[in-house]
Amino acid sequence: MLEIVRGDITRFPAEAIVNAANRYLEHGGGVAYAIAKAAAGNVREYIRISKEAMKEQLGKDSIEHGEVVVTPALRLERFGIKYVIHTVGPYCGGVWDEDKKEKLKKAILGALRKAEELGVKSIAFPAVSAGIYGCPLEEVVKTFKETVEEFEREAKSVERVYLVLYSEGDYEGALRYLEENL
Ligand code: ADP
């Protein structure tokens, strides 16, 4: 069910794309900034939309690992994207342990379950936590693989999960890692 691809998630043709957000949905940098800019044309506007959606959907101003918020894809609809699902991965700063892994699993599973609820067939993730949050890419890829394998048993609507890697180096590193650990 999981496919690793190289690309730009802001134009990846999956029905839902996931944002590696921070808990306040501020979209200040990295993939969050790129998605906000591409979706609304204006990052501030997408932050406003996201915060309003968070209030409506969760009744609060910040989200925990495993909680997600959905916003419309707006301009990204031209690529077939219907929803943006915001999830929050752990901050690692280079340190990886069981606690980070659990938090990342929750973040991935929360988005997958929301995709089921929305009834979409395809969902694309960026490498959540492997950028500014500093978690080792190999561990992130491994956690994605394990979590999607677990989720497969409960999936009804979702048929395809993509992990979209932005840089050639990350993409090659991820493929190499998976080949070595089949
Ligand atoms: P985090 O704070 O969760 O680490 P980042 O946005 O810093 O989130 O990075 C997450 C991953 O998203 C990184 O591997 C980064 O290279 C990647 N990324 C950045 N821009 C894009 C994009 N347009 N499409 C897909 N992945 C992207």
Side-chain angles (χ1 to χ4, degrees), residues 2-43 46-47 50 54 62-69 71 73-81 83-97 99-112 114-115 122-145 147-148 160-178:
L2 178 68
E3 195 173 321
I4 297 192
V5 295
R6 189 188 169 208
D8 177 351
I9 203 156
T10 66
R11 42 185 62 232
F12 190 83
E15 285 179 78
I17 63 165
V18 177
N19 177 25
N22 62 37
R23 52 191 306 245
Y24 304 105
L25 306 188
E26 293 281 359
H27 316 324
V31 73
Y33 183 90
I35 291 173
K37 185 98 203 279
N42 174 309
V43 177
Y46 211 59
I47 294 172
S50 303
M54 175 159 59
S62 68
I63 57 179
E64 305 296 327
H65 306 293
E67 293 181 326
V68 298
V69 172
T71 52
L74 305 180
R75 295 181 183 187
L76 305 185
E77 278 178 11
R78 68 193 153 121
F79 303 113
I81 302 167
Y83 308 104
V84 178
I85 302 175
H86 303 267
T87 198
V88 184
Y91 174 82
C92 292
V95 180
W96 182 257
D97 56 25
D99 176 56
K100 315 275 186 204
K101 186 172 182 128
E102 268 320 298
K103 286 175 175 158
L104 182 57
K105 265 193 148 169
K106 276 190 180 178
I108 298 167
L109 210 48
L112 289 170
K114 181 56 78 176
S122 54
I123 175 170
F125 285 82
V128 178
S129 287
I132 300 163
Y133 278 10
C135 301
L137 181 76
E138 284 195 351
E139 297 295 348
V140 170
V141 172
K142 186 174 168 194
T143 308
F144 261 97
K145 188 170 176 282
T147 310
V148 173
R160 217 85 188 108
V161 180
Y162 298 92
L163 175 57
V164 182
L165 298 173
Y166 197 46
S167 78
E168 184 68 41
D170 281 0
Y171 174 67
E172 277 167 11
L175 287 189
R176 209 175 319 119
Y177 172 78
L178 288 179

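Indexing begins at 1, ligand by ligand and atom by atom, following the structure's order. This structure is a prediction, so every number in the text was calculated from the model and none was measured.
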Atoms of ligand 1 close to [X] [distance to a heavy atom under 4.0 angstrom, numbered from 1]:
X    : result
A127 : 10 (C), 11 (C), 14 (O)
G30  : 6 (O)
D8   : 22 (C), 23 (N), 24 (N)
A20  : 3 (O), 8 (O)
D170 : 14 (O)

Options V31, V5, V140, ranked by nearest heavy atom to atom 19 (C) of ligand 1, top entry: V31

Donor on one side chain, acceptor on other, S62 and R23, under 3.5 Å: yes

Is atom 15 (C) of ligand 1 less than 4.0 angstrom from some protein heavy atom? no

What is the closest protein heavy atom to [atom], and at what distance does it sit?
atom                    : value
atom 7 (O) of ligand 1  : I132 N, 2.7 Å
atom 9 (O) of ligand 1  : G131 CA, 3.4 Å
atom 26 (N) of ligand 1 : Y166 CB, 3.5 Å
atom 24 (N) of ligand 1 : I9 N, 2.9 Å

Does any part of the side chain of [Y], heavy atoms only, come nearer than 4.5 Å to the side chain of [X], both counted from C-beta?
X    : Y   : value
I47  : E26 : yes
Y133 : N22 : yes
Y166 : V31 : no

Does the residue G89 have a heavy-atom contact with ligand 1, meaning some pair of atoms that are separated by less than 4.0 Å? no

Judged by non-hydrogen atoms, does S129 sit under 4.0 Å from ligand 1? yes

In terms of ring plane angle, is the pair H27 and H86 parallel, tilted or perpendicular, where the classes change at 30° and 60°? parallel

For A124, side-chain contact (heavy atoms from CB on, under 4.5 Å) partners two or more places apart: I9, F12, A14, I17, Y162, V164

Expected output: side-chain S122 to main-chain E15 donor-acceptor under 3.5 Å: yes

Check whether T87 reaches the backbone of A107 with its side chain - one donor and one acceptor, N or O, closer than 3.5 Å. yes

Side chain to side chain contact (heavy atoms under 4.5 Å, CB included) with V148: of L109, I123, L112, only one passes, and it is L112

Could you tell me whether some N/O pair between Y133 and ligand 1 is separated by less than 3.5 angstrom? yes

